Amino acid sequence: MPVSLADLRLNYTQGGLLETDAADHPFDQFRLWLEQAVSAELPEPNAMTLATVTEEGKPMARMVLLKGLDERGFVFFTNYRSQKSRQLTAFPWASLVFWWAALERQVRVEGSVEKVGAAESDAYFQSRPRSSQLGAWASPQSETILDRSVLEDRLREAEQRWGDGPIPRPSHWGGWRVVPRQLEFWQGRPRRLHDRIVYIMDDDGAWTKSRLAP
Ligand SMILES: Cc1cc2nc3c(=O)[nH]c(=O)nc-3n(C[C@H](O)[C@H](O)[C@H](O)COP(=O)(O)O)c2cc1C
């Protein structure tokens, strides 16, 4: 049966977000919504779309996993030679989008990016399962490869190289931190009159909260 995209629609009724209820600091609001997404047992609640800009100024987006959040910003890990990392090095700004469908919530984050410190990347790499550590050594992320056997061969090489010993973090693998200047919290509401609360940071680092029309 063909899908009728024009007829796919949902009336959002799960909740609301009023200015008076939204936290003063956007990170507190984000933590609350993330905790609620985790409590609701949503699949991959820390998955987010990461948009970057190519050298020609074209946007490019893909999913990554949020792996750290502190007072500085939002951290994810990847291959520093990947397409996204090359783009972030050339133009260090990014946009993140979270979509928690069952809660009818979207969060958008805009900010500059920086590499996280080597010690922080080391600590996260060491916390990963061994199979993921080997995968980071095996995969030349974003490069064109002939077929799957290239990855299998490289995985075998990595297994032989590191044996049963500890696996160090490859220097071409680590974290990026998105340091937000703007965050928007979107809560679906009935009749398409959704709530949008946006926080914008001023030059002194203070956050101002306002409502946008849906
Ligand atoms: C749910 C999900 C989570 C992902 N998380 C990551 C991640 O944390 N880091 C990563 O490098 N790639 C992750 N990926 C793969 C990326 O979407 C992407 O394919 C890869 O990073 C290469 O992107 P690039 O060529 O634009 O650099 C994830 C994919 C999905 C579907």
Side-chain angles (χ1 to χ4, degrees), residues 27 30-31 33-70 72-152 154-155 158 167-180 183:
F27 288 18
F30 182 83
R31 278 193 199 92
W33 275 21
L34 179 64
E35 280 163 17
Q36 291 174 346
V38 172
S39 302
E41 298 184 0
L42 305 189
E44 307 237 56
N46 56 333
M48 57 191 186
T49 300
L50 162 75
T52 53
V53 177
T54 69
E55 275 179 24
E56 302 87 46
K58 296 174 183 160
M60 198 180 230
R62 79 291 283 155
M63 304 298 297
V64 293
L65 295 177
L66 179 69
K67 283 291 170 179
L69 174 65
D70 60 17
R72 292 166 296 174
F74 292 62
V75 173
F76 65 90
F77 291 89
T78 194
N79 187 311
Y80 284 144
R81 296 179 188 148
S82 67
Q83 207 166 202
K84 75 180 87 51
S85 290
R86 291 198 302 269
Q87 291 164 359
L88 290 171
T89 302
F91 187 79
W93 287 84
S95 175
L96 306 172
V97 184
F98 295 83
W99 168 232
W100 294 308
L103 299 174
E104 300 168 349
R105 285 173 175 172
Q106 168 184 239
V107 178
R108 300 165 64 178
V109 180
E110 266 70 47
S112 57
V113 296
E114 58 191 28
K115 279 188 182 166
V116 312
E120 198 176 334
S121 289
D122 284 339
Y124 174 65
F125 188 81
Q126 291 311 327
S127 78
R128 302 182 86 205
R130 206 173 165 80
S131 57
S132 306
Q133 294 176 339
L134 289 166
W137 277 102
S139 172
Q141 193 176 58
S142 312
E143 280 180 28
T144 302
I145 51 175
L146 190 61
D147 57 26
R148 222 187 138 75
S149 71
V150 174
L151 294 177
E152 282 153 9
R154 289 178 62 115
L155 183 63
I167 305 175
R169 173 178 65 89
S171 59
H172 60 266
W173 191 97
W176 288 98
R177 177 178 292 106
V178 178
V179 180
L183 291 93

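Owing to the predicted nature of the structure, the values given are computational and were not obtained by experimental measurement. First listed ligand is number 1; within each ligand, the first listed atom is number 1.
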### Task
Within a distance under 4.0 Å of any heavy atom of F77, pick out the atoms of ligand 1 and give their elements.
7 (C), 8 (O), 9 (N), 10 (C), 11 (O)
#### Entry: Cationic N near anionic O, under 4.0 Å, R72 to E114
no
#### Entry: Expected output: side-chain S85 to main-chain N79 donor-acceptor under 3.5 Å
yes
### Task
May I ask you to identify the nearest protein heavy atom to atom 8 (O) of ligand 1, giving residue, atom name and distance to one decimal place in Å?
L65 N, 3.0 Å
### Message
Just to confirm my output: which protein heavy-atom neighbour is closest to atom 30 (C) of ligand 1, and how far is it?
### Response
M63 CB, 3.6 Å
### Task
Around atom 11 (O) of ligand 1, find the nearest protein heavy atom and jot down its residue, atom name and distance.
T78 OG1, 2.6 Å
### Query
Does the cation-pi check pass for K115 over Y80, that is, NZ or CZ under 6.0 Å from the six-membered ring centre and within 45° of its axis?
yes
### Query
Where is the nearest protein heavy atom to atom 18 (C) of ligand 1: which residue, which atom, and how far?
R62 CG, 3.9 Å
### Task
Please could you name the atoms of ligand 1 that S142 approaches to less than 4.0 Å, counting only its heavy atoms?
24 (P), 25 (O), 27 (O)
## Note on the structure
Residue, atom and distance of the protein heavy atom nearest atom 6 (C) of ligand 1 read V64 CA, 3.5 Å
### Message
Which residue and atom name correspond to the protein heavy atom nearest atom 1 (C) of ligand 1, and how close is it?
### Response
E44 OE2, 3.8 Å
### Task
Please work out which of the three classes, parallel, tilted or perpendicular, describes the rings of F74 and F30, given edges at 30° and 60°.
perpendicular
### Query
Considering only the protein, which heavy-atom contact is closest to atom 22 (C) of ligand 1, and what is its distance?
K84 NZ, 3.6 Å
### Message
Whether the R105 and Q36 side chains hold a donor-acceptor pair (N or O, under 3.5 Å, no angle test) is what I'd like checked.
### Response
yes
#### Entry: From CA spacing to verdict: side chain to side chain contact (heavy atoms under 4.5 Å, CB included), E120, R177
CA-CA 11 Å; E120 198 176 334; R177 177 178 292 106; 2.9 Å; yes
### Summary
atom 20 (C) of ligand 1 sits nearest the protein heavy atom Q141 NE2, 3.5 Å
### Message
Test your reading of the model: is there a side-chain donor-acceptor pair from R86 to the backbone of R81, 3.5 Å cut-off?
### Response
yes
